[in-house]
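What follows is a short report on a single structure.
Note that the numbering runs from 1 along the sequence shown for the chain. No hydrogens, no waters, no symmetry mates; every other heavy atom, side chains included, goes into these values.
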Amino acid sequence: MFRVTELSTIDLEQLFNLSPNPYVILDRELRLVGMNDAYLAVTGRSREELLGRNMFDAFPSDPDSASGRLLRQSFAKVLSTGEVDHLSLIPYPITGSDGELEDRYWSATHTAIKDENGEITFILQHTVDVTELHLLRSWLAGDGSLQVHTDLMRRADAVQGENIALGEEREYLRMLFEQAPGFMAVLREPEHVFNIVNGAYRALVGREDLIGKTVREALPDIAGQGFYELLDQVYRSGTPYSAHAARVVLQPPGSDAPEERFLDFVYQPIRDRDGAVSGIFVQGHDVTQLRRAQEAARENEDRFRTLAQSLPTHVWTATPDGRMQWCNDQIFAYSGSESFYFDRDKRSDILHPDDSAGIAAAWGEALRTGNKLETEIRVRRHDGVYRWFITRAVPIRNDAGDITLWVATNTDIDEQKQTETQLSDLAATLGHRVEERTIELERTQEVLRQSQKMEAIGNLAGGIAHDFNNLLQVITGNLQLLGREVAGNEIAEKRLNSALASASRGARLASQLLSFGRRQPLSPKVINLSRLIREMDHLLRRSLGEAIEIDTIVGGGLWNTLVDPSNVENALLNLAINARDAMNGQGKLTIELGNAFLDDEYARHAFDVKAGQYVMLAVTDTGVGMTPDVLEKVFDPFFTTKPEGRGTGLGLSMVYGFVKQSGGHIKIYSEPGNGTTVRIYLPRSMEEEDLVAESSAGTASGGNETVLVVEDDEAVREITVSLLTELGYRVLRAKDADSGLAIIESGVPIDVLFTDVVMPGRLKSRDLAKKAKERLPHLGVLFTSGYTENSIVHGGRLDPGVNLLSKPYTREALARKIRQVIEQGREGAPPRPPERSPTPAAAPVIEEPAVRDLPITVLLVEDEALIRISTADFLQDFGMNVVEAGSAREALDAVGSHPVDILVTDVHLPEMSGLDLALKVREALPHLPVIFATGDRSVPGAEALGQTALITKPYDYDLLATHIRAMVTSRTGT
């Protein structure tokens, strides 16, 4: 919205220059600042001659003349009072077309032009050439002449022509008024009656019938918004009023909702000849879109500034021509300065003076091309230190592609520059080290390749050992059971013992594979290796023979180490036997123990080694030694230098895997003809030494407790059940963790959970054990596996409190471990309730069965014949008696005529639901177990029954049989 004095140049020239009457505008110093074409025509001057000159310099006159005094007095009156002043007749000579001064007479009107504060800024002079009228008046007063008459007629014709031109001008002005882009209206009288309204005004208010109506009549929707009062004030005071982005709410007739608009406008009072206000000229522009765009821009700017202020780096903006506009507080906080400049030609003194030329060139190029600026500068910190920054400025463009803003950041790169400088300085001295580093890198890469190869082989070995151990478990278990059946048959016993020895050897191979693959479950203890070596002295001498001299050296103050003692013994025995073979049974074996520290330099050159304190175990022989190519493959499984049939090639690989799994390091030093030294470094422990108990002590024995066996391999499961049964235990079985948990939740008493570690299914073995202990706090848990995952082993070590029996295991090892776990579980457990005695018959009509031997009698209620028949067949194959019923009525009849141990029923039956059937049966047999076999996930209302279980269709027959046996056993105690 623009004020009246801010009308566009085109509109002002049209309204001003087309007027036939002469007009000139003077400032307070009486300098000519504007004139129309009519004024130039009557004065015979050009704009270039007049603009900027004082009125009395442009038109000289005698200051003491009457006309000069009148003119000066009129200007002074207007400037002092602000009122319009008229001069009816002023003689003022004007240079004619022939260059000679010509006496002319003028009538002048002087009007003050005020600014928005009411201050006089300009004087508008309206002049009329009245020379002919003055001469006519003089002629009439004296002797006229024909010449004067002729001039008078000519002047009359001219006046008539001017009237016609004036009418055309008026029409033209009305057309311009109507077509003006801003809204305009002329209001008359104190009531503000619409006299003239242009199209833009009618479009704004949404009404056409405005002429002749007062503002209050025509625009009732603006009541209460202050516009009526503003008009009254302007009319009353005669002072113009202007507004910028004034809010107005309009609701034209027929509109559904009011509409908010923002307007720039001016109320300019209109005065009559006497200077009294007779109306108000309204002119303005609708700036709603501009206002909303400005608000959006302001919001965007606020968001930008908020973001820029929160950033830890320097942020600043610049105008399209490169003048800095704004910067965030980080710049001031960094520099300690109160101002920051970064223009094309002027920059703040916080920038390093040596960078000035480069900055000017880079900034000038960015401004010229519109490309992004990126240059490095030095900025002075508040303490006077210059730091390197990289300055990046990105141009922001509008839809037309014009740059509207530059957004820039200064990022501190001083440390990077210092590093670059240091690297540059070091470059000159690094040449001679390149070859050394290259060799070192190749050596490291070779170690890495070797480690990756060993890891890959270890993964493969561990996977093979898993299946191999399961097969060995089935073989050894069956051989042990078969041994009892052929007792007394010497030939059969000899063959069985030979087979068992081979299976044992296979188990050792599998154990070595697991050791190399770092998959064996370690049970580390804090021990002092000197004591362990002393205890092994007899075993070593017996294994090596009298021709081998053994020398043991133990350093003073030997540290403790956290390690699995049995694996240390195996590793030392393997190394000793390898040394014996390398010395062909004759030589010297040196065993050395000492404290060692592997520093960062050593760790940097050795792969997979941590710097720190270690306990070193070294085994040195005087054998034939090894060549470098043999040393490269010495830890590979199945690699051996011994003759075929003399070795498996798993001894050193087992030692390697055990040491790495224990967090240690192993190194071999050997040369052909100079023997071999193997150094094992085991991490130091700061704890006190543990007491190591002999795990294999004690006589293997059985018992009569209940053991739940959970094993997914059917062959392993069956042989395990057979071994436990042969030992006298009551055995329940499950093929996975979910089935095992179902048996536990059935309520059957269980003393030991014996579960495989690696099984398929949703529930893992560790989770099964956890849930089982929650339900049976004193339950003993024993894990078994041929290959341990991270469920019970972390960092290669068994979790605290975990019992593990590794596959394959012997009957004696199984008996010993089961007994151990049972005894552990009984510590602190409450005494078991006494066995329930058979209830004597009291001759009721329907008698609940007392404790009796299997087979179990099952009442199977299922309305689907195929399901009922197939389920009954399976349960009968499982050794159970089955009473079939296709409906609840048949089931109730069967209860009255058959003794049953358990009810298995579908829920959705004809005539009566399975739940209602169970309630009816419980009236006669209150303690009868019930299994709901249904496709539903729950049986609402069954919670209050007790001794119930749910198995969902399609169900596994083995799982159903296990549920039946568990629930009946729990009830009868058999």
Checklist entry - Sub-3.5 Å donor-acceptor pair from the side chain of S722 to the main-chain atoms of E718, do we have one? => result yes
Item to check | Spacing of L919 atom CG and M912 atom CE [to the nearest 0.5 Å] | outcome: 9.5 Å
Item to check | E714 CD: over 12 foreign heavy atoms closer than 6.0 Å | outcome: no
Item to check | Partners passing side chain to side chain contact (heavy atoms under 4.5 Å, CB included) against T962 (at least two apart in sequence or in another chain) | outcome: I743
Item to check | Non-neighbouring partners of D906 that pass side-chain hydrogen bond (donor to acceptor under 3.5 Å, both in side chains), sequence neighbours left out | outcome: K953
Checklist entry - Quick one: do E823 and R819 make a salt bridge, cutoff under 4.0 Å? => result yes
Next on the checklist: So T784 and T755, do their side chains get closer than 4.5 Å, heavy atoms only?
Outcome noted: no
Checklist entry - For R717, what residues pass the salt bridge (charged side-chain N to carboxylate O under 4.0 Å, His left out) criterion, not counting sequence neighbours? => result none
Checklist entry - Are any non-hydrogen side-chain atoms of V930 and L945 less than 4.5 angstrom apart? => result no
Next on the checklist: Distance check, rounded to the nearest 0.5 Å: L727 atom CG versus N704 atom CG?
Outcome noted: 12.0 Å
Item to check | Sequence neighbours excluded, every pair satisfying salt bridge (Lys or Arg N to Asp or Glu O under 4.0 Å) that has a member inside residues 880-898 | outcome: R868-E884
Checklist entry - Can you name the residues that form a side chain to side chain contact (heavy atoms under 4.5 Å, CB included) with S685, not counting sequence neighbours? => result V526, L562, E687
Checklist entry - Would you call E689 and K525 a salt bridge, taking side-chain N to carboxylate O under 4.0 Å as the test? => result no
Checklist outcome for this item: Residue set satisfying salt bridge (charged side-chain N to carboxylate O under 4.0 Å, His left out) with E745, at least two apart, ordered chain then number -> R775
Next on the checklist: Please enumerate all residues that pass side-chain hydrogen bond (donor to acceptor under 3.5 Å, both in side chains) together with D738, with sequence neighbours excluded.
Outcome noted: R762
Item to check | Counterpart residues, side chain to side chain contact (heavy atoms under 4.5 Å, CB included), relative to K773 (two or more places apart) | outcome: L779, V781
Checklist entry - Can you list the residues that meet the salt bridge (charged side-chain N to carboxylate O under 4.0 Å, His left out) rule with D736, with sequence neighbours excluded? => result none
Item to check | Listed partners of A891 passing side chain to side chain contact (heavy atoms under 4.5 Å, CB included), at least two apart | outcome: L859, V861, A885, L917
Checklist entry - For T948, what residues pass the side-chain hydrogen bond (donor to acceptor under 3.5 Å, both in side chains) criterion, not counting sequence neighbours? => result none
